[in-house]
2 protein chains.
Amino acid sequence: MNRPLILVIDDDIQIRRLLEITLRASGYEVEMAATGREGISIAASIKPDLVLLDLGLPDKSGQEVLREIREWFANPILVLSVLTGEEEIVDALDNGANDYLTKPYRTGELLARVRSLLKRAQPVGNLPSITSGNLNIDLVAKVVKNNGEVLKLTATEYALLVLFARNEGRVLTHQYLLKEIWGPGFLNQSQYLRVYVAQLRKKIEKDPNRPEIIVTESRVGYRFTEGR
Amino acid sequence: MNRPLILVIDDDIQIRRLLEITLRASGYEVEMAATGREGISIAASIKPDLVLLDLGLPDKSGQEVLREIREWFANPILVLSVLTGEEEIVDALDNGANDYLTKPYRTGELLARVRSLLKRAQPVGNLPSITSGNLNIDLVAKVVKNNGEVLKLTATEYALLVLFARNEGRVLTHQYLLKEIWGPGFLNQSQYLRVYVAQLRKKIEKDPNRPEIIVTESRVGYRFTEGR
DNA sequence: CAGCTTTTTTATAAAATCTTTATATCGTAG
DNA sequence: CTACGATATAAAGATTTTATAAAAAAGCTG
């Protein structure tokens, strides 16, 4: 394989230069972008193996850039953030960042993270089916089976279940779920979620009163887990 | 790895000499600076593994030096202060110091702190996860494990634990913790902090009555440490 | 349009979490 | 030793969040 191609999106020319030197010295191809907008368009044209994104961008908020790139970009994204940005980092991870570093950071650590991210083989979310515990979701036929028995789900229930199953083990926030299923205009309609989660539980849980598959994370969201 | 390089910034020649001897005898490289300005420029050129900074400097206030160095310097900074400087210490920690010692201090303690700060040269966690002692925090899934066993934490407990873990070894002031977790309007609600620290201890400490992971720094804050 | 399904809204009980209070404990200064 | 300020902790009280059924509205389909 060729030398991996890394796209650096950072508005600070100093940092950009430093990163370029460091990364090239470690055997990577490097491309640069100074703004979020530029970054998005370059990423689209060169398809880098990894994106290094500084969250403190001037034109678009780094989070927005992240979300936008993530819509079609599957390779790892490593974000840089200032030390104080606790919240920011959590948001970034929610928005699809694979890893993060806080500035100031050590060069060795940066390189190690980059290596580790690149090594990780693309899982690629294009599976024809998802199986988790007793549940099997055929994404092509759009059929869900529980212990081999076909479940009757409405379109919304199905979309929600697929979203959960694709993110097994991790907490999905109310916001995220609402945005993905109903759209960004529904961020405060958490009641929808409660209703649909209850319906799903009624159909997939052994004992809907003591849910084990879709677990509540109070004040945060829900977590889908199967197989302990 | 080489012998760690320590930069001592102190205006008192007596103390400087003493520190130099002590540190060299323990196997460290040592550089000296007598003023804040000098300290900054030396630090910039030699990139020490640790900075030992006396807050009572003549030319610039120690706090200023601290802030300035912290803009680009990522390695640990240990500050020295006189016993009465309660306020001073809190400021220093908020300005990015990793740890502090009050004069007069015992040599053994100084060396222990130095060792502990240096040891924490990130071995690089793989994914966005933090591991510290028996604790493992998966920031993506938002799962905390203690000896492999999943802990049930509320959102606030989780946020607090993450904040601690991301600043391992470092004293976090009450103010800082309150501001980060509850917001700037809660700076005087230190009781919240006590309650939640107690709850966390109950969940992660072997013996909550003799906490080893979240340690109280009376009148200042708390320190999260694992591995001594 | 009539009948069926699905989504959205409403209502209410139950659960979980946060906040406050009360009391005990600890450590230090005098 | 005593008193005081700071800390620890349980537990009560208040508030928010969640679960669920069921009614109302909206969509579909033939």
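All heavy atoms count here, side chains included; hydrogens, waters and symmetry mates do not. Only a predicted model underlies this, so the values are computations on that prediction, with no experimental measurement involved. Numbered from 1 within each chain, the chains take letters A, B, ... in sequence-line order.
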Less than 4.0 angstrom from a charged side-chain N to a carboxylate O is my criterion; do [X] and [Y] meet it?
{"X": "A:Glu168", "Y": "A:Arg223", "answer": "no"}
{"X": "A:Glu149", "Y": "A:Lys145", "answer": "no"}
{"X": "B:Glu109", "Y": "B:Arg113", "answer": "yes"}

Rounded to whole angstrom units, what separation is found between the [atom1] atom of [X] and the [atom2] atom of [N]?
{"X": "A:Leu200", "N": "D:dT20", "atom1": "CG", "atom2": "P", "value": "12 Å"}
{"X": "B:Leu193", "N": "C:dC18", "atom1": "CG", "atom2": "P", "value": "14 Å"}
{"X": "A:Tyr192", "N": "D:dA19", "atom1": "OH", "atom2": "C1'", "value": "18 Å"}
{"X": "A:Tyr158", "N": "C:dT6", "atom1": "OH", "atom2": "P", "value": "15 Å"}
{"X": "B:Gln189", "N": "C:dT20", "atom1": "CD", "atom2": "C1'", "value": "9 Å"}
{"X": "B:Arg210", "N": "C:dT25", "atom1": "CZ", "atom2": "C1'", "value": "14 Å"}
{"X": "A:Arg223", "N": "D:dT18", "atom1": "CZ", "atom2": "P", "value": "14 Å"}
{"X": "A:Asn188", "N": "D:dT16", "atom1": "CG", "atom2": "P", "value": "17 Å"}

For B:Glu71 and B:Arg67: C-alpha separation, side-chain torsions, deciding distance, then whether salt bridge (charged side-chain N to carboxylate O under 4.0 Å, His left out) applies. CA-CA 7 Å; B:Glu71 283 173 19; B:Arg67 264 196 302 274; over 6 Å; no

Assign each of A:Trp182 and B:Leu153 to its nearest nucleotide of DNA chain C by heavy atoms, then name whichever residue's nucleotide is nearer the 5' end.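 The residue closer to the strand's 5' end, by nearest nucleotide, is A:Trp182.
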
Any donor-acceptor N/O pair, A:Glu205 side chain to A:Glu212 backbone, under 3.5 Å: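 The answer is yes, because a donor-acceptor pair under 3.5 Å joins these two groups.
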
Just distance, no hydrogens or angles: give the donor-acceptor pairs under 3.5 Å from side chains in residues 184-196 of chain A, sequence neighbours left out.
unit_1   : atom_1 : unit_2   : atom_2 : d
A:Gln191 : OE1    : A:Arg194 : NH1    : 3.0

Carefully, step by step, assess A:Glu157 and A:Lys203 under the rule salt bridge (charged side-chain N to carboxylate O under 4.0 Å, His left out). CA-CA 10 Å; A:Glu157 289 165 2; A:Lys203 296 182 181 181; 2.8 Å; yes

Please enumerate all protein N or O atoms sitting under 3.5 Å from an N or O of nucleotides 4-8 of chain D, with distances to 0.1 Å.
unit_1 : atom_1 : unit_2   : atom_2 : d
D:dT7  : OP1    : B:Arg219 : N      : 2.7
D:dT7  : OP2    : B:Arg194 : NH2    : 3.0
D:dA8  : OP1    : B:Arg201 : NH1    : 2.9
D:dA8  : OP1    : B:Thr216 : OG1    : 2.5
D:dA8  : OP2    : B:Tyr222 : OH     : 2.8

With respect to the phosphate group of C:dC18, does any side-chain polar atom (N or O) of B:Tyr196 fall under 4.0 Å of OP1 or OP2?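 B:Tyr196 to C:dC18 OP1/OP2: side-chain N or O found under 4.0 Å.
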
Between D:dA19 and A:Lys202, is there an OP1 or OP2 to side-chain N/O distance shorter than 4.0 Å?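 No.
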
